[in-house]
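Here's the structure, in structure tokens; my notes come after.
Being a predicted model, the structure only gives us computed values, none of them experimental.
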Number of protein chains: 2
Amino acid sequence: MVRQPSINAQNRPPLSIERIIEAALHIVDGQGLGRLTMRRLGDALEVEAMAIYHHLPRGKEQLLDGLVAHVAAAPADERGAAGWRDALRRWSVSYRERLLAHAGVLPLLVTGRNPAALAATTASLREILRRGGIPEAGAAVAAHTLLGYVIGHTALEVRGRAPAEAAEGPVDWDARFTAGLNLVLNAVNPG
Amino acid sequence: MVRQPSINAQNRPPLSIERIIEAALHIVDGQGLGRLTMRRLGDALEVEAMAIYHHLPRGKEQLLDGLVAHVAAAPADERGAAGWRDALRRWSVSYRERLLAHAGVLPLLVTGRNPAALAATTASLREILRRGGIPEAGAAVAAHTLLGYVIGHTALEVRGRAPAEAAEGPVDWDARFTAGLNLVLNAVNPG
DNA sequence: ACCTGAACACCGTTCAAGT
DNA sequence: ACCTGAACACCGTTCAAGT
């Protein structure tokens, strides 16, 4: 008699850290961070939850670290920038877009978790500033000021898009971000 | 025979929302957000966990909303400010101090949760700007730019204070914050 | 090497009951 | 009115076992 392997086991791509992170991000984007559980993640991957531990020995902590790395550390897009000032602008715009696209992981970003991921982000900003000839001390301040603004303003947007911004009417958040970005870019690089 | 009420029930201050929030904040500050559970909170209040629901019918959601309100919405200290520009500075410094003192609730701040709390915060900033004679449109941008910077930079600090900021040596975060704040304040109010 | 199944110690929350 | 105790449906994780 020919062996008949179990239906689910055949021709399935093997589990990998990449596929796990991808599936987790999909759950967070679609249902929120609170609904990301190991069991649900296992379901999404058509696997028992416990199989995940074989690839992420540190369990859920490692999973969340991976989400932070995936969202925060990937290089922001600055293609086609006209000079380094424009590169700063494009970098900020595309970094904000990614944060908004994965707003569910924002709470993980403001934790001590995975500090290396954000170090990589600031490093890429400092590289742009270095190209502009900004001295090292000023570049360190400029990078944190700009990144701080982008992250903080995005956080305000996430809260502001929720109902009941009593103080003012509905806000055009894209325009608001751009206006603030202009102020910060001018401050970081006057003249 | 004289009635003997149970030992625990006598002369205990009755549970109140204020005492509950206070105890919850104490747990978060001391042990982190992840260790704030209804059962542990009950222990801290010398009460069964289920008693808390009598005061917070919406349960843990309402508890977290209360933490956000307590940390984010309280007015920042600007006493003794020499003019409104100095008031903006003092406001920012004291708001950052409070965020750092309760860094464990930062993740709750970057959620859609309790948007009214942050609306109150921006309103207090706009009041200072109004006193400075800044026109309404500019004040709206300035308030979000400044608050965005303060929140975002504080988030960077929380991550940066964790080990392994590979790119640069140990950072003087107080000085870094002040330097960036100077840039932003200048941008928000040139001249 | 990779995955499963049962088990353990926890969660948040409901609900009937006590005082 | 305020709190308790038992119960329910879930968690993350360990560990022995399967293939």
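B/L45 places its CG atom 10 Å from the P atom of D/dC3, with the value rounded to the nearest Å. Rounded to a whole Å, the CD atom of A/E61 is 17 Å from the P atom of D/dC11. Atom CD in B/E48 sits about 16 Å away from atom C1' in C/dA16, given to the nearest Å. Across the protein-nucleic acid pair, B/R58 atom CZ and C/dG12 atom P stand 16 Å apart, rounded to whole Å. One can place CE of A/M50 at 14 Å from C1' of D/dA17, the figure rounded to the nearest angstrom. If you measure from atom CG of B/L56 to atom C1' of D/dA1, you get 16 Å, rounded to the nearest angstrom. Taking atom CG of B/L33 as the reference point, atom P of C/dC11 lies 14 Å away to the nearest angstrom. One atom, CD1 of A/I52, and another, C1' of D/dG12, lie 11 Å apart when rounded to the nearest Å.
Under the Watson-Crick and G-U wobble criteria, each requiring two contacts below 3.5 Å, nucleotide D/dA6 is paired to C/dT14. Of all nucleotides present, only C/dT19 satisfies the Watson-Crick or G-U wobble test against D/dA1, with each distance under 3.5 Å.
You'll find that the side chain of A/V47 is closest to C/dT4, out of D/dC3, C/dT4, D/dA7. In this structure, of D/dA1, D/dT4, D/dG12, it is D/dA1 that holds the atom nearest to the side chain of B/H54. Of the candidates D/dC11, D/dT4, C/dG5, the closest approach to any side-chain atom of A/T37 belongs to D/dC11. Among the nucleotides D/dG12, C/dC11, D/dA6, the one closest to any side-chain atom of A/Y53 is D/dG12.
By the 30° and 60° cut-offs, the orientation of the rings of B/H70 relative to B/H102 is perpendicular.
Mapping A/L15 and B/A49 onto DNA chain C via the closest heavy atom, the residue that lands nearer the 5' end is A/L15.
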Chi angles and distances behind the side-chain contact (heavy atoms from CB on, under 4.5 Å) call for B/H26, B/E22: CA-CA 6 Å; B/H26 188 255; B/E22 209 170 296; over 6 Å; no
B/R89/B/N182 under side-chain hydrogen bond (donor to acceptor under 3.5 Å, both in side chains): CA gap, chis, key distance, verdict: CA-CA 9 Å; B/R89 167 181 303 280; B/N182 285 335; 2.6 Å; yes
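In this structure, B/R35 reaches neither bases nor backbone, as no heavy-atom distance under 4.0 Å exists between it and the strands shown. Backbone-only engagement by B/M38 is indicated by non-hydrogen atom pairs under 4.0 Å involving sugar-phosphate atoms exclusively. B/L36 comes within 4.0 angstrom of sugar-phosphate atoms only, judged by non-hydrogen atoms across all strands, and of no base.
The pair B/R130-B/E127 meets the salt-bridge criterion, with a side-chain N (NZ, NE, NH1 or NH2) lying under 4.0 Å from an Asp/Glu carboxylate O.
OP1 and OP2 of D/dT13 both lie 4.0 Å or more from every side-chain N or O belonging to A/R39. Residue B/H55 places at least one side-chain N or O under 4.0 Å from the OP1 or OP2 atom of D/dC3.
The shortest non-hydrogen separation linking A/S124 to A/W91 is OG-NE1, 3.1 Å.
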